[in-house]
*Asks:* 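Please find one structure pasted underneath; my questions will follow.
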Amino acid sequence: MDYTPHTQEDIDQMLRTIGVSTVEDLFREVPEGLRLGRDLDLAKPLTEMEVMDQVASLARKNRSVEELKCFAGGGAYEHYIPAPVRHLAYRAEFATSYTPYQPELSQGVLGALFEFQTMVCELTGMEVSNASLYDGASSLVEAVNLAAGMTGRSRVVVSEAINPNYREVMETFGAGPGYEFVTASASDGVTRLQGLDQAACVIVGQPNFFGMIENLPAIAEKAHEAGALLIVHFDPLSAGVLETPGALGADVVTGEGQSLGNELMFGGPYLGLFATKTEHVRRVPGRITGATLDSNGQPGFVLTLQAREQHIRREKANSNVCTNQTLMAIVATVYLSWLGPQGLKELGETCLARTRYAAQLLSSVSGCSLRFEGPFFKEFVLQVPGRSAEVARQLADRGYLVGPSLERFDGLENCILVAVTETRTAEDIEGLAKVLAEVVA
Amino acid sequence: MQTIFDLSVSGRRASTIPQAGVEENEPAIPSHLLRKTPPALPEVSERDLVQHYTRLSQKNWAIDVGAYPLGSCTMKYNPKINEQIASLPGLRNLHPWQNEADAQGALAMLWEMERALAEITGMKRVTFQPAAGAHGELTGLLIMRAFHQSNGDPRKTVLIPDSAHGTNPASVRLAGYQVRQVPSDDRGLVDLAALEDALDETIVGIMLTNPNTLGLFEKDIEKIAKAMHSVGGLLYFDGANLNAIMGKVRPGDMGFDIVHMNLHKTFSTPHGGGGPGAGPVAVTERLERFLPAPMVEFDESSCNYFWDPDRPDSIGRIHGFHGNFGIVARAYAYYRALGGEGLKKVSERAVLNANYLRTIIESKYPLAHPGLCMHEFVSTARRFKKLGVRGMDVAKRLIDLGFHPPTVYFPLVVEESLMIEPTETESKQTLDALGKALLQISDEAESEPDLLHSAPTTTPVGRLDEARAARQLRLRWTPELAKELTG
Ligand SMILES: Cc1ncc(COP(=O)(O)O)c(C=O)c1O
């Protein structure tokens with residue numbers, strides 16, 4: 001099964017037209033000595049049915065959240081994905097198209113991206129959004145580059161309550177430009193700023209990695225006093241309940257858009273959100289869609305401000321991103337249109353209420369407690385007796401997925417993240433509490 | 001242009017949200033942190049929603065709609081089974097923080113795919129974290145950086161041919177290095193003398209695409225590799241053009257040290273209107289220890305796959321989780337369908353198709369560098385310039401004749417370039433029709449150039465004013481803009 005349409009007769013005719021006698025002749029520019037000269041040592045071809053069997057048997061070896069009740073969070077959440085989202089966003093006209101380099105043939109993707117950018121602005125309280133980046137981590141990396149470019153500084157203050165994976169990614173990519181990373185402690189669950197002198201930016205989450213709601217106005221004031229930009233990494237699904245980071249002083253807002261209708265999919269493809277103020281628009285990484293007029297004076301959409309990008313600016317470009325996560329952005333656009341302002345608010349309220357209910361029940365299990373005081377959104381840190389990874393393991397054996405376990409954080413050795421979305425009913429929460437009691441008994 | 005916002009009617013909705021259904025608590029969030037004005041998301045019914053996005057999608061070209069000979073992009077057919085596979089509950093409902101014990105199938109797939117890609121490229125190990133080609137490039141450059149630093153030998157400059165894709169130099173700068181451009185010679189290949197001239201102990205390495213962006217095989221690659229290695233530099237293979245060489249010749253055997261692949265090109269995964277992709281990076285044995293952590297490992301005694309985070313020399317993580325797993329799963333399905341034999345056939349037929357189309361149109365669209373091509377070729381529309389016709393005009397007219405245009409104005413080294421990559425999944429009949437359309441346009445350029453200037457006329461919009469878009473920034477919908485746009 002190789003999806004090529006050639007008959008032997010086609011091949012013969014084509015070779016004659018080209019003026020060579022064999023397909024091998026077409027490769028004569030490849031030096032003889034370099035050629036492989038053997039078959040690749042790979043699996044044999046399969047029929048479509050066999051491929052399905054093979055992959056399905058691998059998929060069955062996973063215990064997904066189809067089977068486990070998902071209370072896991074930490075940057076990826078099980079939210080309900082409404083039927084129209086998959087149906088519309090994955091239409092082949094969107095899914096099997098390339099980057100909209102020919103706008104006249106790409107008004108569908110460009111139109112959806114224009115809507116996406118508008119919605120991201122509405123959620124973040126910012127003025128401009130790009131057309132997506134790889135994931136939440138890559139959005140943070142780009143935000144740091146923007147801040148360093150703006151301020152001419154290289155110190156980056158990152159809250160301890162930012163996803164540890166994201167922190168690691170920022171540090172990996174910080175090696176190139178040579179940034180200095182300073183960690184601001186969050187030992188009370190919320191960020192305590194320090195090391196702001198000469199900082200290019202301050203990075204906090206809203207809600208943060210521990211699910212806690214940060215006091216953004218106070219953080220913004222301190223950051224701005226020090227001449228640093230405030231970068232807020234937010235949960236877009238909190239935007240019906242929580243005030244926008246933009247309204248509370250953020251200069252750049254990043255986010256992980258997986259929760260906007262995208263599958264868990266073992267960590268990707270996800271959706272990097274990136275929005276900022278108009279004054280920074282020429283430093284925005286990646287593609288941006290804009291409205292314009294066509295030769296007949298009719299409106300239409302194009303990729304714009306391309307002079308920022310790698311294909312024009314090459315080594316002077318502010319980012320190297322080319323392929324992004326457009327399809328995930330279209331998913332998010334359809335999902336947010338499905339939700340509407342009222343749906344977003346109700347969803348946030350349901351998450352909030354059920355999370356509080358779960359926190360109450362789980363922390364009343366003997367030996368368990370809430371690690372942090374204060375408001376949280378759809379996730380919280382639960383302290384358990386004994387090794388948290390082991391508790392999580394035993395819960396999974398009994399059908400409940402929680403986590404991640406936080407043993408790699410100082411002071412959180414016995415702690416686990418627990419996330420509660422609208423997909424978890426009161427009954428699920430009570431079930432988890434019961435099983436937790438058995439596990440820690 | 002109707003947007004979803006233009007359809008919005010206050011009070012309408014599509015969503016149904018479960019109520020909390022638990023005992024209400026007082027809201028514990030301080031009021032200054034609560035949202036006062038709701039976001040202006042559209043308010044539409046499900047019926048409106050479906051109609052709007054269905055109509056929007058119909059304003060888009062796609063590989064499922066027709067040929068897409070966009071050079072450097074490998075727009076091959078995207079098999080439907082791959083989509084069905086990506087929607088298996090055991091894959092799409094897997095949480096990234098799940099314990100390895102509950103993700104054995106996923107890890108086994110990554111493990112097997114790693115071995116396959118290592119064999120195809122002639123490398124030792126592969127990371128799946130990079131989400132696209134450019135992400136892989138930067139990962140590879142950071143691996144080079146870690147390698148040189150581990151030798152106590154900080155270097156400064158990465159060599160890049162003038163025909164390289166823009167992501168290459170952009171990645172170099174983000175890795176903290178300088179770019180030095182190496183010219184192409186009159187064969188369209190790396191100018192060996194210029195390269196040797198540039199080589200010294202400050203050179204980090206070179207990034208090459210082979211076949212290069214002109215569709216030509218860099219046949220001096222062994223000499224280039226030897227010269228580069230002799231000064232301690234490394235060779236990076238930009239795998240955008242891997243579709244030309246699978247089962248024929250391997251980057252590892254050419255002397256490359258690091259390779260990225262674009263699974264969204266070579267391995268048939270849908271490009272999603274601009275992404276997602278997957279850009280796995282493969283390295284040779286001596287660079288293995290620098291790969292991003294964690295890597296998938298296999299414990300023979302327990303027959304278990306596991307994540308190994310313990311990589312002290314690793315450059316560190318480069319993705320929030322494990323990369324674009326959903327794309328890797330589609331690529332895995334493609335690999336299993338084709339096997340080694342099929343992949344070789346893919347490359348042979350991609351090269352056959354490109355040479356066939358080249359031969360048909362060459363008389364009117366001369367190649368920048370005549371002769372055999374690999375999986376793509378670069379023609380020039382320079383000939384039409386004296387008629388007042390540009391490469392872009394040819395491209396737009398091709399739209400009216402039922403094809404997506406080739407890549408225009410890249411690579412930069414060829415004036416008025418048309419970069420054409422038919423891919424192996426197009427039939428002889430399609431290539432004949434495409435060739436015929438291009439020849440017709442060549443005649444029209446002489447007889448009726450206005451037909452080209454005014455194209456396209458069959459699309460939902462005419463030629464768009466990009467300069468205006470960049471001058472008067474309209475980057476989001478507003479009620480005022482709606483009035484402006486609808487007049
Ligand atoms: C030659 C070449 N290199 C690199 C890239 C970048 O790959 P990606 O878009 O996956 O980041 C491309 C993509 O168009 C390319 O054609």
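Below, chains carry the letters A, B, ... as their sequence lines are ordered, and counting in each starts from 1. Heavy atoms only: backbone and side chains are in, while hydrogens, waters and symmetry mates are out.
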*Asks:* Given that the side chain runs from C-beta out, which part of B/Arg463 has a heavy atom under 4.5 Å from chain A: side chain, backbone, both or neither?
*Replies:* both
*Asks:* Need one label for B/Leu473: side chain, backbone, both or neither, based on atoms under 4.5 Å from any heavy atom in chain A.
*Replies:* side chain
*Asks:* Output the option from B/Gly176, B/Gly320, B/Gly342, B/Ala132 having the highest count of non-hydrogen pairs under 4.5 Å with chain A.
*Replies:* B/Gly320
*Asks:* Does any heavy atom of chain B fall under 4.5 Å from the side chain of A/Leu401, the backbone, both, or neither of them?
*Replies:* side chain
*Asks:* Between chain B and each of A/Leu339, A/Leu344, A/Asp41, count heavy-atom pairs under 4.5 Å; write down the option with the most.
*Replies:* A/Asp41
*Asks:* Please classify the contact between B/Thr359 and chain A as side chain, backbone, both or neither, with a heavy-atom cut-off of under 4.5 Å.
*Replies:* side chain
*Asks:* Heavy-atom cut-off 4.5 Å, strictly under: side chain, backbone, both or neither for B/Asp465 against chain A?
*Replies:* both
*Asks:* By a 4.5 Å heavy-atom criterion (distance strictly below it), what part of B/Leu70 contacts chain A: side chain, backbone, both, or neither?
*Replies:* side chain
*Asks:* Could you look at A/Asn324 and say if it's the side chain, the backbone, both or neither that has a heavy atom under 4.5 Å from chain B?
*Replies:* both
*Asks:* Given heavy-atom pairs under 4.5 angstrom as the criterion, report whether the side chain, backbone, both or neither of A/Pro82 touches chain B.
*Replies:* neither
*Asks:* Please classify the contact between B/Pro456 and chain A as side chain, backbone, both or neither, with a heavy-atom cut-off of under 4.5 Å.
*Replies:* side chain
*Asks:* Are B/Lys248 and B/Asp253 close enough, and set up right, to give a salt bridge (Lys or Arg N to Asp or Glu O under 4.0 Å), and what steps lead you there?
*Replies:* CA-CA 11 Å; B/Lys248 309 299 282 184; B/Asp253 299 335; over 6 Å; no
*Asks:* Check each atom of B/Ala175 against the heavy atoms of chain A and say whether the ones under 4.5 Å are side chain, backbone, both or neither.
*Replies:* backbone
*Asks:* Is any NZ, NE, NH1 or NH2 atom of the basic residue among B/Lys76 and B/Glu426 found under 4.0 Å from an Asp or Glu carboxylate oxygen of the other?
*Replies:* no
*Asks:* With a 6.0 Å cut-off on the ring centroids, do A/Phe173 and B/His135 count as close?
*Replies:* yes
*Asks:* Considering only heavy atoms, which portion of B/Val172 lies under 4.5 Å from any heavy atom of chain A: side chain, backbone, both, or neither?
*Replies:* neither
*Asks:* Can you tell which part of A/Arg35 gets under 4.5 Å to a heavy atom of chain B, answering side chain, backbone, both or neither?
*Replies:* both
*Asks:* Identify whether the distance between the nearest side-chain nitrogen and carboxylate oxygen of A/Arg354 and A/Glu422 falls below 4.0 Å.
*Replies:* no
*Asks:* Most heavy-atom pairs under 4.5 angstrom with chain B, which of A/Arg287, A/Gln102, A/Gln342?
*Replies:* A/Gln102
*Asks:* Counting only heavy atoms closer than 4.5 Å, note whether B/Phe5 contacts chain A via side chain, backbone, both or neither.
*Replies:* side chain
*Asks:* Between A/Leu34 and chain B, which part of the residue has a heavy atom less than 4.5 Å away: side chain, backbone, both or neither?
*Replies:* both
*Asks:* Could you walk me through whether B/Glu137 and B/Ser171 pass the side chain to side chain donor-acceptor pair (under 3.5 Å) check?
*Replies:* CA-CA 6 Å; B/Glu137 290 170 23; B/Ser171 300; 2.9 Å; yes
*Asks:* Picking from A/Val302, A/Ile429, A/Val241, A/Leu305, which has the most non-hydrogen pairs under 4.5 angstrom with chain B?
*Replies:* A/Val241
*Asks:* Are A/Glu263 and B/Arg92 close enough for a salt bridge, meaning some N to O gap below 4.0 Å?
*Replies:* yes
*Asks:* Chain A: which of B/Met75, B/Glu466, B/Arg317 shares the most heavy-atom pairs with it under 4.5 Å?
*Replies:* B/Arg317
*Asks:* As an exercise: rank A/Asp10, A/Asn215, A/Val334 by heavy-atom pairs under 4.5 Å with chain B and give me the winner.
*Replies:* A/Val334
*Asks:* B/Asn93 and A/Glu78: side chain to side chain donor-acceptor pair (under 3.5 Å), yes or no, with the steps?
*Replies:* CA-CA 8 Å; B/Asn93 291 331; A/Glu78 187 191 10; over 6 Å; no
*Asks:* What part of A/Thr425 gets closer than 4.5 Å to chain B, counting heavy atoms only: side chain, backbone, both or neither?
*Replies:* neither
*Asks:* Which word best sums up how the rings of B/His404 and B/Tyr68 line up, parallel for under 30°, tilted for 30 to 60°, or perpendicular for over 60°?
*Replies:* parallel
*Asks:* Looking at B/Arg250 and B/Glu119, does any basic side-chain N land under 4.0 Å from a carboxylate oxygen?
*Replies:* yes
*Asks:* Please classify the contact between B/Leu142 and chain A as side chain, backbone, both or neither, with a heavy-atom cut-off of under 4.5 Å.
*Replies:* side chain
*Asks:* By a 4.5 Å heavy-atom criterion (distance strictly below it), what part of B/Leu216 contacts chain A: side chain, backbone, both, or neither?
*Replies:* neither
*Asks:* Between A/Arg313 and chain B, with a heavy-atom cut-off of 4.5 Å, which part of the residue counts as in contact: side chain, backbone, both or neither?
*Replies:* neither
*Asks:* Tell me which of these, B/Gly133, B/Pro38, B/Pro405, has more heavy-atom pairs under 4.5 Å with chain A than the rest.
*Replies:* B/Pro405
*Asks:* Search all heavy atoms of B/Glu424 against all heavy atoms of A/Pro5 and return the closest pair with its distance.
*Replies:* O-CD, 3.3 Å
*Asks:* Please flag which part of A/Leu336 lies under 4.5 Å from any non-hydrogen atom of chain B: side chain, backbone, both or neither.
*Replies:* both
*Asks:* Using a strict 4.0 Å threshold on nitrogen-to-oxygen distance, state whether A/Glu349 and A/Lys345 make a salt bridge.
*Replies:* yes
*Asks:* At their closest point, which heavy atom of B/Ala14 faces which heavy atom of B/Glu46, and how far apart are they?
*Replies:* CB-N, 3.5 Å
*Asks:* Given that the side chain runs from C-beta out, which part of A/Val30 has a heavy atom under 4.5 Å from chain B: side chain, backbone, both or neither?
*Replies:* both
*Asks:* In terms of heavy-atom pairs under 4.5 Å, which option from B/Val346, B/Leu138, B/Ile221, B/Ile245 contacts chain A the most?
*Replies:* B/Leu138
*Asks:* Can a side-chain donor-acceptor contact be found between B/Tyr53 and A/Glu115 if the only test is distance below 3.5 angstrom?
*Replies:* yes
*Asks:* Is it the side chain or the backbone of B/Met254 that comes within 4.5 Å of chain A heavy atoms, both, or neither?
*Replies:* both
*Asks:* Which one, B/Ala116, B/Gly340, B/Pro292, B/Gly277, leads in non-hydrogen pairs under 4.5 Å with chain A?
*Replies:* B/Gly340
*Asks:* Report which part of B/Ala329 has an atom under 4.5 Å of a heavy atom belonging to chain A: side chain, backbone, both, or neither.
*Replies:* neither
*Asks:* With ring centroids as reference points, do B/His95 and A/Phe266 lie under 6.0 angstrom apart?
*Replies:* no
*Asks:* Can you tell me which of B/Tyr77, B/Tyr332, B/Phe410 forms the most heavy-atom pairs within a distance under 4.5 Å of chain A?
*Replies:* B/Tyr332
*Asks:* Between B/Arg12 and B/Glu43, does at least one N-O distance fall below 4.0 Å, as a salt bridge requires?
*Replies:* no
*Asks:* Using non-hydrogen atoms and a 4.5 Å limit, figure out which bit of A/Val23 sits close to chain B: side chain, backbone, both or neither.
*Replies:* side chain
*Asks:* Quick check, are the ring centers of A/Tyr98 and B/Trp61 under 6.0 angstrom apart?
*Replies:* no
*Asks:* Please look at A/Gln306 and chain B and tell me whether the side chain, the backbone, both or neither of the residue comes under 4.5 angstrom of a heavy atom of that chain.
*Replies:* side chain
*Asks:* Examine whether an atom of A/Ala137 lies under 4.5 Å from a heavy atom of chain B, and if so say whether it belongs to the side chain, the backbone or both; otherwise answer neither.
*Replies:* side chain
*Asks:* If we ignore hydrogens and angles and just use 3.5 Å, is the side chain of B/Ser268 paired with the main-chain N or O of B/His264 as donor and acceptor?
*Replies:* no
*Asks:* Before accepting this row, confirm whether a basic side-chain N of the pair A/Glu346/B/Arg13 lies closer than 4.0 Å to the acidic partner's carboxylate O.
*Replies:* yes
*Asks:* Would you mind checking which part of A/Asp135 comes under 4.5 Å of any heavy atom in chain B, side chain (CB onward), backbone (N, CA, C, O), both or neither?
*Replies:* side chain
*Asks:* Picking from A/Val281, A/Thr244, A/Leu88, A/Thr304, which has the most non-hydrogen pairs under 4.5 angstrom with chain B?
*Replies:* A/Leu88
*Asks:* Could you look at A/Phe301 and say if it's the side chain, the backbone, both or neither that has a heavy atom under 4.5 Å from chain B?
*Replies:* both
*Asks:* If you count heavy-atom pairs within less than 4.5 Å of chain B, which of A/Gly268, A/Cys121, A/Gly290 leads?
*Replies:* A/Gly268
*Asks:* Are A/Glu104 and B/Lys396 ion-paired here, with the side-chain N under 4.0 Å from a carboxylate O?
*Replies:* yes
